[in-house]
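Below is one structure, written out as structure tokens, with a few remarks after it.
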Amino acid sequence: MLTIKKHIAEKLWDKYSSLCENPSLSADELAGFLEYPPDDKLGDLAFPCFKLSKELRKAPPAIAAALSEGLSDGIIKEATVAGGYLNLRINPEYLAGKLLPEILEKGESYGSFDFGKGKTVVLDYSSPNVAKPFHIGHLGTTVIGHSLKMLYQFVGYKCIGVNHLGDWGTQFGKMIVAYKKWGDHDAVERGQCDELVALYVKFHEEAEKHPELEDEARREFTKLEHHDEENMKLWKWFIDISIREYQKTYDQLGITFDSYKGESFYYDRVPAVVDELRAKGLLKIDDGASIVDLEKYGMPPCLILKNDGSSIYPSRDIAAAIYRKETYDFDKCVYVTSAGQSLHFRQWFKVVELMGYDWAKDLIHVPYGTVSINGSKLSTRAGNVVILKELFAESIEKVKEIMTEKNPDLENKDEIAEAVGVGAIVFYYLSNSRIKDINFVLEDALNFDGNTGPYAQYTYARTCSLISKAGGVPDIKPDAADITDPTEAELLKTLSIFPEKVLSAIDELEPSVIARYILDVCAVFNRFYHECQIVTAPDARVRDFRVALTAAVKNVLGAAFGLICMKKTEKI
Ligand code: ARG
């Protein structure tokens with residue numbers, strides 16, 4: 001699909017390339033210079049000509065004049081010179097006659113692309129540590145990871161979502177000791193992760209008084225490494241219990257994974273990696289541990305085996321990457337974790353490169369900032385950790401209270417409250433740039449009148465109710481004459497930008513681009529709603545056009561919600 005920016009950039013490029021011998025810039029680069037001015041009085045888009053003045057050896061106004069010739073067409077209505085800028089107007093005929101029918105016809109696939117076709121992306125996200133709390137720190141990886149999966153799918157890639165569970169490590173020795181000493185089968189079945197966490201916490205409390213418990217835990221873990229039957233059974237059960245519980249959170253978010261192969265899956269594959277590293281002369285022994293020296297690259301060494309010979313996080317990641325390349329032949333493998341793990345990824349990506357794998361360049365780490373909580377009374381037995389399911393539950397409860405006040409007769413209240421309560425948290429989170437640290441304030445996330453998820457879902461529900469009041473989407477052939485109010489043109493222009501937002505979100509691996517765009521659409525739509533009579537418009541043609549416009553907004557919002565794991569609510 002050709003975006004408006006691309007279309008303009010290609011035409012500009014034709015002109016620009018005729019003005020110089022060896023054009024140094026591509027059409028894509030010109031597209032990157034195009035701006036949407038904050039005030040559209042002068043134009044809908046603007047091209048800053050000073051960007052070309054050095055190369056073309058001309059003053060910007062002269063360049064603007066040269067570029068403006070012959071630009072008008074079905075999409076560009078006019079191009080006018082304003083100092084060093086070339087201002088462009090989008091043709092209303094295009095907006096009403098082409099774009100609107102296209103959005104109505106394509107539905108929620110408007111804005112999608114197919115340039116990823118035939119390529120595969122593996123996305124490693126969520127990946128909680130089993131039998132430890134699924135806390136708010138995992139919210140980022142879960143929702144950013146899933147949004148990126150949806151975005152990649154939207155542009156045609158085949159996506160494999162992997163939940164790389166932290167299901168291996170010495171903590172399982174501790175869990176086994178704790179369960180054998182103080183655990184109760186039924187209590188764990190009933191209490192699930194809470195009970196497992198309680199046992200884990202108890203282990204640490206007791207181990208402070210009785211340090212010998214640590215040795216016992218190490219012994220139990222060694223037994224597990226040697227496939228001791230009883231310990232294997234317990235370990236598998238802990239994982240099972242944990243996944244069953246995570247599943248509830250994933251269901252609330254509408255997230256599924258294509259693979260749950262966690263760290264334990266790679267345990268057997270590490271020795272082959274170690275042999276390969278040794279054969280390639282990359283392995284060094286340092287204080288009994290096996291490492292890859294990365295001093296040359298300004299990084300501390302990458303630890304491969306501990307001094308007791310056991311595998312460790314980075315070595316399992318290397319084994320996993322090799323396995324994924326063999327299994328999925330990915331074009332990209334994306335890892336979403338907190339920025340605290342950036343060095344870890346830089347280190348082992350380098351090791352893969354040193355091993356001679358050219359696909360090391362296709363490994364991408366997507367870091368995000370930390371979350372702190374403010375104004376929420378949440379605390380748990382595990383200390384000051386905020387458990388995600390508790391945060392969701394509190395949010396859903398609050399939404400129910402608000403809804404009971406606003407709309408007491410609402411049907412399916414529970415289902416809607418869940419979609420809105422969870423959506424509020426997801427939206428609040430994703431509307432921030434991912435790398436920024438976030439201070440989470442539940443009350444702000446739930447403000448129906450602010451720039452929030454509930455506000456966006458409310459706007460979506462408004463489009464649904466208008467369409468249903470109108471008795472469906474009318475079948476019309478709109479044209480420029482149908483645009484009678486400035487908010488209609490503004491709305492169409494805003495909808496025309498969606499494909500460009502999808503591209504920016506992918507380029508920057510930044511779901512916040514979509515979240516913020518949703519707010520733009522909602523703001524313009526609500527202005528249109530307040531300015532214009534829609535279903536009640538006296539003229540049938542005006543009414544049909546406005547309902548069609550409302551349906552286009554519904555399609556774009558629906559698609560955009562899907563890209564950021566927010567459920568659609570037809571009624572609130
Ligand atoms: N389990 C890890 C944690 O909770 C995240 C794993 C990320 N994925 C990876 N392949 N290292 O911190």
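We count ligands from 1, going down the list as the structure has it; atoms in each ligand are counted the same way.
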*Go through the side-chain N and O atoms of H164 and R324 and say whether any donor and acceptor fall under 3.5 Å apart.*
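Side chains of H164 and R324: pair found under 3.5 Å.
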*Have Q341 and S338 got a donor and an acceptor in their side chains that come within less than 3.5 Å?*
no
*Return the set of residues passing ring-ring contact (aromatic ring centres under 6.0 Å, His included) with F238 (not counting sequence neighbours), or none when no residue passes.*
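With neighbours one apart ignored, the set is empty.
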*Which pairs pass side-chain hydrogen bond (donor to acceptor under 3.5 Å, both in side chains) with one or both residues in residues 247-256, sequence neighbours excluded?*
S126-Y250, N163-Y250, Q192-K248, Q247-D251, Q247-Y260
*Qualifying side-chain hydrogen bond (donor to acceptor under 3.5 Å, both in side chains) pairs, either residue in residues 510-522, two or more places apart*: S433-R516, E510-S512
Which protein N or O atoms sit under 3.5 Å from any N or O of ligand 1? Give atom names and distances.
residue: ligand 1; atom: 1 (N); partner: S127; partner atom: O; Å: 2.8
residue: ligand 1; atom: 1 (N); partner: N129; partner atom: OD1; Å: 2.7
residue: ligand 1; atom: 4 (O); partner: S127; partner atom: O; Å: 3.4
residue: ligand 1; atom: 4 (O); partner: N129; partner atom: ND2; Å: 3.3
residue: ligand 1; atom: 4 (O); partner: H138; partner atom: NE2; Å: 3.2
residue: ligand 1; atom: 8 (N); partner: D124; partner atom: OD1; Å: 3.0
residue: ligand 1; atom: 10 (N); partner: D124; partner atom: OD2; Å: 2.8
residue: ligand 1; atom: 10 (N); partner: D317; partner atom: OD1; Å: 2.7
residue: ligand 1; atom: 11 (N); partner: Y313; partner atom: OH; Å: 2.8
residue: ligand 1; atom: 11 (N); partner: D317; partner atom: OD1; Å: 3.3
residue: ligand 1; atom: 11 (N); partner: D317; partner atom: OD2; Å: 2.9
residue: ligand 1; atom: 12 (O); partner: Q341; partner atom: NE2; Å: 2.9

*Using 30° and 60° as the class limits, which term best fits the ring planes of Y200 and H204: parallel, tilted or perpendicular?*
perpendicular
